[in-house]
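The structure appears below as structure tokens.
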Amino acid sequence: MSSQIRVTSTLSRQTEDFVPVSGNEVKMYVCGPTVQSPPHLGHGRAAVAFDMVRRYLSYRGYDVTFVRNITDVEDKIIAAAAETGETTEELSIRMAKAFSQAYDGLAVLDPDVEPKATEHIGEMLAMIERLIDRGLAYATDNGDVYFSVRSLESYGRLSGQDVDEMRAGTREIVGDLKHDAVDFALWKAAKPGEPAWDSPWGQGRPGWHIECSAMAERYLGETFDIHGGGTDLIFPHHENEIAQSEGANGTTFAKYWLHNGMVNLGGEKMSKSTGHLIELSEAIDLYGGAAVRLFYLRAHYRSPLEFSEALIDEARTALRRISGVLSRVDFSDHDAEPEVIDSFIEKMDDDFNTPDALGVVFETVREANRHLDAGEPAEPLAAAVAEMIDVLGIEVEDAEDGVSDLAQGVSAIVAELGVGEGETTVETLDRLLERRSVARAERDFATGDRIRDELGALGITIEDGPDGSQWHRR
RNA sequence: GGCGACGUGGCCGAGUGGUUAGGCACGGGUCUGCAAAACCUGUUACCCCGGUUCAAUUCCGGGCGUCGCCUCCA
């Protein structure tokens, strides 16, 4: 491929040529969730955004190593566990499972490594000690360790924050022990009843930011290619990660910083702390994972994205156009139309412009349908559509998926008409279609329409074409 | 107050210094027993005010508005 992948990096505030640190290898670290409550649509977007990036880079021939962490020790988890009566470990495992299931529903590929904070305390302690040795961190009498923000010249580079302009943090209750209000915790002394680990400063637990620095280094090295996460993590989380890693190592941390936009509800960001959200599993159950994924990809990953039922329904309707054309033609032995793919790559190379790339997909869908309507071959076009949506991770459902759920309703219609059950629901449906064809041939449209209407009530649409009728789920 | 993003047709959403994005919705048509699907076709948009230019939705300046972050967040 001749064109060059370009990415917009938060660090440079520019769209720059993507050149990996080392040859063909791309190392990516994406901030995963704090597993404290079930995922909402915002988490899904972040996961899909970077899954798309990962899939695309692999498609373009890079050897991608993808790490996404799980934060399983944090104030909110401790508080939530106290409420449910679980241990923090039980709660975090349960929630991690909920995330994992929802990600599966969105066809998000598993990371190559999914490290947990609690399993990397040793790496964190080592990094904190290095920071103390370098004079960038200090321990307090009570056993906290803080990063000394003003000791690091470059602090604030990612977020554009000026240390003197920052409003002093109010979150740290023990803030008066800090040398400076802007300093942040690397290690927190244990309070009674909280999970704690041994450290040179006594029993305690890690601060939030140190885990990502430590785990990224462990699995990707001191310097790697892409660091991703939501825009809400730019400050302080990612700013602090840079401070820790570059402070401890004196080397560049991540080369490109990519941030996905927020999902809004009623014009306001979804947020788990305020409960202003739609749960991801609920949306997947209601609309289907592929429709939710398409809903995300219809906007550029960096833009804010408003959620509404109408918008996600639109995505679902649009998805049917894709599945429709793919079911019209058997393209399994055909290569994709090269011109289409070139055009797709051109759009995707431009900072993963999925809305533009989807334009190519839908143009190709129309082109393929046009050919098929004219009785001309369309296999390379259909193959191109299939290839593109595969890169985007959009999995169209098989017409037969989930049909067995309708067995009872279908049986009722069969009994009514005395058609006879098939071995499977699919077979029974086919018999009903045959019965309908016979009726229509005899110009008994009342029976034919009745079958269509009753199946319609079950969520099955019948379409009559020149080569017979087909059914599919709505 | 500081940092950043953004304002495009009925809605969503790309993009561009002069040439049809795309999707959804709606109207007309082809096809069809009817319907659906598919295809054709129509609605011709760029927040406001200045400036640069032969030409600006696109560049520059100002204004208005929206959103995110400023130590919980994807």
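Just so we're clear, the structure is a prediction, and the values are computed from it rather than from any experiment. Numbered from 1 within each chain, the chains take letters A, B, ... in sequence-line order.
- B:U57 is unpaired under the criterion used here, namely a Watson-Crick or G-U wobble arrangement in which both key atom distances are under 3.5 Å.
- Taking the six-membered ring where the residue is Trp, A:Tyr256 and A:Phe18 present tilted rings, their angle falling between 30° and 60°.
- Using a 4.0 Å cut-off between charged side-chain N and carboxylate O, A:Arg205 and A:Asp75 make a salt bridge.
- Each of B:U71, B:G33, B:A74 was ranked by its minimum atom distance to the side chain of A:Pro236; first place goes to B:U71.
- To the nearest whole angstrom, the two P atoms, one in B:C40 and one in B:A25, are 16 Å apart.
- No contact: A:Thr10 has no heavy atom under 4.0 Å from any strand.
- Applying the 3.5 Å distance criterion, the base of B:C34 shares a donor-acceptor pair with the side chain of A:Asp464.
- Atom C1' of B:C49 sits at a distance of 32 Å from the matching atom of B:C70, rounded to the whole Å.
- Ranking B:C24, B:U71, B:G2 by closeness to the A:Thr317 side chain, first place goes to B:C24.
- Using a 5.5 Å limit on the distance between ring centres and a 30° limit on the angle between planes, the aromatic ring of A:Phe445 counts as stacked on the six-membered base ring of B:G33.
- With B:C39, B:A14, B:A74 as the choices, the nucleotide that has an atom nearest any side-chain atom of A:Asn353 turns out to be B:A14.
- Under a 4.0 Å N-O distance rule, the pair A:Arg436/A:Asp464 qualifies as a salt bridge.
- The partner of B:C46 cannot be assigned: no Watson-Crick or G-U wobble pair with both contacts below 3.5 Å exists in any strand.
- Nucleotides of RNA chain B nearest to A:His237 and A:Ala446 differ in position, and the one nearer the 5' end is that of A:Ala446.
- Closest contact between the side chain of A:Gln161 and the listed nucleotides B:C70, B:G23, B:A21 involves B:C70.
- A distance of about 14 Å separates the P atoms of B:G62 and B:C3, rounded to the whole Å.
- Pair assignment for B:U20: none, as no Watson-Crick or G-U wobble contacts are both less than 3.5 Å.
- Taking atom P in both B:G29 and B:C34, the straight-line distance is 14 Å, to the nearest Å.
- Ring-plane geometry between A:Trp257 and A:His238 is classed as tilted, the angle between the planes lying from 30 to 60 degrees on a 0 to 90 degree scale.
- In this structure, A:Asp232 pairs ionically with A:Lys269, as a charged nitrogen and a carboxylate oxygen lie closer than 4.0 Å.
- Rounded to whole angstrom, the span from the CE atom of A:Met262 across to the P atom of B:C69 amounts to 8 Å.
- In this structure, A:Tyr301 places its OH atom 13 Å from C1' of B:A5, rounding to the nearest Å.
- Within 4.0 Å of A:Gly229, counting heavy atoms only, lie sugar-phosphate atoms of the nucleic acid but no base atom.
- Taking only side-chain atoms of A:Asp356, from C-beta outward, the nucleotide of B:C39, B:C70, B:A14 with the closest atom is B:A14.
- Across the strands present, B:U52 finds no partner; the criterion is a Watson-Crick or G-U wobble pair with both atom distances under 3.5 angstrom.
- The nearest whole Å value for the distance from the CZ atom in A:Arg54 to the C1' atom in B:A74 is 17 Å.
- Residue-level contact check: A:Leu311 touches the backbone only, with heavy atoms under 4.0 Å from sugar-phosphate atoms and none from bases.
- For the OP1/OP2 pair of B:G68 and a distance below 4.0 Å, the side-chain nitrogens and oxygens of A:Arg302 include no atom meeting the criterion.
- A:Ser159 comes within contact range of the sugar-phosphate backbone alone, with a heavy-atom separation under 4.0 Å but no base atom that close.
- Between the side chain of A:His472 and the backbone N or O of A:Ile462 there is no donor-acceptor pair closer than 3.5 Å.
- Side-chain proximity of A:Asp449 to B:A36, B:G33, B:C69: nearest is B:G33.
- Here A:Gly267 lies in heavy-atom contact (under 4.0 Å) with sugar-phosphate atoms only.
- With rounding to whole Å, A:Trp471 atom CH2 is found 18 Å from B:A37 atom P.
- On the P atoms, B:A21 is 27 Å away from B:U30, given to the nearest whole Å.
- Judged by distance alone, with hydrogens and angles left aside, A:Arg13 brings no side-chain donor or acceptor close enough to the base of B:G4 to form a pair under 3.5 Å.
- Using a 4.0 Å heavy-atom criterion, one finds that A:Asn369 contacts the sugar-phosphate atoms exclusively.
- Ring orientation note: the planes of A:His209 and A:His237 are tilted relative to one another, at an angle of 30° to 60°.
- In this model, the phosphate group of B:A14 is approached by a side-chain N or O of A:Ser303 to a distance below 4.0 Å at OP1 or OP2.
- At the heavy-atom level, A:Arg45 lies nowhere under 4.0 Å from the strands shown.
- Here B:C24 is the nucleotide among B:C69, B:C24, B:U71 with the atom lying nearest to any side-chain atom of A:Arg321.
- Contact annotation for A:Leu372: no contact, since no heavy-atom pair falls under 4.0 Å across all strands.
- Taking atom P in both B:G17 and B:G13, one finds a spacing of 22 Å when rounded to whole Å.
- For A:Pro33, taking side-chain heavy atoms from C-beta onward, the closest of the listed nucleotides B:A36, B:G68, B:A74 is B:A74.
- In summary, the aromatic rings of A:Phe66 and A:Phe50 are positioned with their centroids too far apart to meet the 6.0 Å limit.
- At whole-Å resolution of the value, OH in A:Tyr155 and P in B:U71 are 10 Å apart.
- Checked against the 6.0 Å centroid criterion, the rings of A:His179 and A:Tyr138 qualify as a close aromatic pair.
- Taking only side-chain atoms of A:Phe184, from C-beta outward, the nucleotide of B:A14, B:C34, B:U71 with the closest atom is B:U71.
- Annotation: B:C46 and B:C12 have their C1' atoms spaced 15 Å apart (nearest Å).
- Rounded to an integer number of Å, the gap from A:His300 NE2 to B:G7 P is 13 Å.
- With hydrogens and angles ignored, a donor-acceptor pair closer than 3.5 Å exists between the side chain of A:Glu314 and the base of B:G23.
- Residue-level contact check: A:Val263 touches the bases, meaning some heavy atom is under 4.0 Å from a base atom.
- When Watson-Crick and G-U wobble pairs are counted only if both distances are under 3.5 Å, B:A14 pairs with no nucleotide at all.
- Side-chain atoms of A:Arg452 and base atoms of B:C34 include a donor and an acceptor less than 3.5 Å apart.
- When the C1' atom of B:C12 is taken as reference, atom CG of A:Leu358 falls 13 Å away, rounded to whole Å.
- Between A:His209 and A:Gly32, the residue anchored nearer the 5' end of RNA chain B, judged by the nucleotide with its closest heavy atom, is A:His209.
- In this structure, A:Arg450 reaches neither bases nor backbone, as no heavy-atom distance under 4.0 Å exists between it and the strands shown.
- Rounded to an integer number of Å, the gap from A:Glu463 CD to B:C31 C1' is 14 Å.
- Taking the C1' atoms as reference points, B:U66 lies 15 Å from B:U8, given to the whole Å.
- Using Watson-Crick or G-U wobble geometry with both donor-acceptor distances under 3.5 Å, B:C31 finds no partner in any strand shown.
- The pair A:Lys27-A:Asp225 fails the salt-bridge criterion, with no side-chain N (NZ, NE, NH1 or NH2) lying under 4.0 Å from an Asp/Glu carboxylate O.
- Partner assigned to B:G4 is B:C67, using Watson-Crick or G-U wobble distances below 3.5 angstrom.
- Of all nucleotides listed (B:G23, B:U71, B:G68), B:G68 comes nearest to the side chain of A:Lys269.
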